[in-house]
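Below: the structure, in structure tokens.
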Amino acid sequence: MNTSARYVIAVFAHNESHKIINCLEALRLSPLLPETICYVIANGCTDNTAKLTIEYAQTAPWVKVVDLEPGDKANAWNYFVHEMTIEANIYFFMDGDCQIDSGALQYLKEHLLANPHINAVSGVPSSSNLSSGAFRSGIISKGGLAGNLYALSQDFVVRLRKQDIRLPYGLIGDDSLIGALALWNLDPSKEWNRNLVQVVPSATFKYESILRASLRNPLFYIRRLKRYSLRHFQNQLIRTRIKYQGLNALPRHINDLYHVAKKEELVPRQSLNYYYFDCWAIRQIRKICCHHSSDEQ
């Protein structure tokens, strides 16, 4: 597939049947930028996310649906960037469980076009997401990339493709790695250039807060904390290797880094906020290594 659009949006959706239509309607009403194509990348869905989106697309020609079997966001990101090879002036990325506020796409577009030297721009949580206050204030004051809503420049995507830079399969927190690559300008031997990724406070989005999701499903919060700890070790293992070995050290699968992890790299943080979930993450990593070793015997 090799199509072109002035602007293109990738919406990543995994079992979002209750939210995907609201997500698309928010895009349509935002309002949608002219000459925009939106690809909903349904990955590993076991509900009717793809079916609902296909039905929606019948009266919304700006929506296209890609249904991938693996339930892996990093793989879905790679497929969109490298396999679909869509040509566009700006590439927008968002999650299927959030809704952008009015004008969000325009604000991101205007900031990116007004600053052609930067690689990425990020949206921020709406102030109506009350439980996301720390996230909102943190990203505005410290910078970074919010995986819920961000945009990449045409030049940056072209260079990602040219160097065949892909996210490791199984990676949690794809936005952390993409943001770091943008800040490094694809050269991790250098220090981060904070000017290359800029936050646009006016480009806001809403999503179900962790608090509300936890009230609906008490196990949600525990699962989220476990994923945060696993992401911490994944980021640590990746950062150490690509900083000194370059981007060729990025593995195709995150498990490849688990097998070469040093003992001192798998130490739980001492804060009680992280300790027990870090211990869980370390056990998971070692379990994967043990399973791999038994398969080789």
Side-chain angles (χ1 to χ4, degrees), residues 1-28 30 32-33 35-58 60-100 104-105 108 120 122-123 145-152 154 156-158 160-161 164-179 181 205 207-208 227 252-254:
M1 182 185 296
N2 191 335
T3 59
S4 62
R6 190 174 182 187
Y7 307 107
V8 65
I9 307 169
V11 177
F12 301 105
H14 173 71
N15 291 343
E16 301 294 355
S17 60
H18 298 296
K19 301 174 183 176
I20 191 63
I21 300 304
N22 288 337
C23 170
L24 295 174
E25 276 293 280
L27 279 171
R28 181 180 70 84
S30 60
L32 199 69
L33 295 170
E35 298 179 61
T36 296
I37 298 178
C38 172
Y39 290 89
V40 177
I41 316 294
N43 61 101
C45 294
T46 56
D47 63 2
N48 59 347
T49 297
K51 178 177 179 293
L52 289 173
T53 310
I54 291 171
E55 292 173 353
Y56 182 91
Q58 290 175 357
W62 54 277
V63 175
K64 311 294 180 185
V65 185
V66 177
D67 195 1
L68 299 179
E69 184 176 341
D72 188 89
K73 187 180 178 184
N75 177 73
W77 190 93
N78 289 336
Y79 185 87
F80 174 76
V81 171
H82 292 285
E83 309 307 328
M84 296 177 67
T85 59
I86 300 164
E87 297 178 4
N89 292 348
I90 295 177
Y91 297 82
F92 297 94
F93 299 80
M94 62 180 297
D95 289 339
D97 64 349
C98 73
Q99 301 171 43
I100 65 170
L105 297 181
L108 292 177
S122 175
L145 208 63
N148 315 73
L149 175 65
Y150 65 94
L152 300 179
Q154 180 187 54
F156 187 65
V157 171
V158 167
L160 284 169
R161 288 172 177 162
D164 195 29
I165 298 170
R166 298 171 182 260
L167 305 182
Y169 190 98
L171 177 69
I172 298 172
D174 52 289
D175 51 321
S176 296
L177 180 54
I178 296 163
L181 292 172
F205 57 86
Y207 63 101
E208 185 177 35
R227 285 176 62 83
R252 289 299 182 185
H253 199 300
I254 196 66

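- When all heavy atoms of L68 and A76 are compared, the closest pair comes out as CD1-CA, 3.9 Å.
- A donor-acceptor contact shorter than 3.5 Å is absent between the side chain of N78 and the backbone of R166.
- Between the N148 side chain and the C98 main chain, no donor and acceptor come within less than 3.5 Å of each other.
- For the atom pair D97 CG and N15 CG, the distance stands at 11.5 Å (nearest 0.5 Å).
- The two residues P70 and N75 make their nearest non-hydrogen contact at CG-ND2, 3.9 Å.
- Here the side chains of I54 and K51 are not in contact, with every heavy-atom distance at 4.5 Å or above.
- Between the E69 side chain and the G44 main chain, no donor and acceptor come within less than 3.5 Å of each other.
- Between Y7 and Y91, the distance separating the two ring centers is not shorter than 6.0 angstrom.
- Checking side-chain atoms of D174 against main-chain N and O of A74 turns up no donor-acceptor pair under 3.5 Å.
- The shortest heavy-atom contact between G123 and A146 is O-CB, 3.6 Å.
- Under a 3.5 Å cut-off, the side chain of N43 and the backbone N or O of A13 do form a donor-acceptor pair.
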Is there a side chain to side chain contact (heavy atoms under 4.5 Å, CB included) between M94 and I9? Walk through the geometry before answering. CA-CA 8 Å; M94 62 180 297; I9 307 169; 4.2 Å; yes
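- Once rounded to the nearest 0.5 Å, the distance linking OG of S17 with CG of L52 reads 6.5 Å.
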Can you list the steps and then say if Y169 with I254 is a side chain to side chain contact (heavy atoms under 4.5 Å, CB included)? CA-CA 6 Å; Y169 190 98; I254 196 66; over 6 Å; no
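- Within the 4.5 Å cutoff, the side chain of L27 has heavy atoms near those of the W62 side chain.
- The 12-atom threshold is exceeded at NE2 of H253, counting heavy atoms of other residues, nucleotides or ligands nearer than 6.0 Å.
- Rounded to the nearest 0.5 Å, atoms NE2 (H14) and SG (C45) are 6.5 Å apart.
- Taking CD from E35 and CG from N89, the interatomic distance works out to 8.5 Å, rounded to the nearest 0.5 Å.
- In this structure the side chain of I90 never reaches within 4.5 angstrom of the side chain of L105, judged on heavy atoms.
- Rounding to the nearest 0.5 Å places CD of E25 at 11.5 Å from CD1 of I100.
- Between C38 and the choices V8, L24, L32, the side-chain contact (heavy atoms from CB on, under 4.5 Å) rule is met once, by L24.
- Between W77 and L152, the shortest heavy-atom contact is CZ2-CD1, 4.3 Å.
- Using a distance-only test at 3.5 Å, with no hydrogens or angles considered, a donor-acceptor pair links the side chain of D47 to the main chain of T49.
- Within the 4.5 Å cutoff, side-chain heavy atoms of L177 are placed close to those of P168.
- L149 and F205 make their closest contact through CB-CD2, 3.7 Å (heavy atoms, listed as atom of the first residue, atom of the second, distance).
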Apply side chain to side chain contact (heavy atoms under 4.5 Å, CB included) to the pair V65 and I41, showing each step before the final yes or no. CA-CA 6 Å; V65 185; I41 316 294; over 6 Å; no
Evaluate E87 against R161 for salt bridge (Lys or Arg N to Asp or Glu O under 4.0 Å), listing each step before the verdict. CA-CA 11 Å; E87 297 178 4; R161 288 172 177 162; over 6 Å; no
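- If you take OH on Y56 and SG on C23, they are separated by 9.5 Å, rounding to the nearest 0.5 Å.
- Of the possible donor and acceptor atoms, none in the side chain of T85 sits under 3.5 Å from a partner among the backbone N and O of H82.
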Where do V11 and I20 land on the side chain to side chain contact (heavy atoms under 4.5 Å, CB included) test, with the steps shown first? CA-CA 9 Å; V11 177; I20 191 63; 4.0 Å; yes
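- Although no hydrogens or angles enter the test, the distance criterion places no donor-acceptor pair under 3.5 Å between the side chain of D95 and the main chain of F12.
- Under the 4.5 Å side-chain criterion, counting only non-hydrogen atoms from C-beta, V40 is not in contact with V66.
- In this structure, the side chains of Q99 and Y207 stay at 4.5 Å or more apart for every pair of heavy atoms.
- The shortest distance between side-chain heavy atoms of L108 and F92 falls below 4.5 Å.
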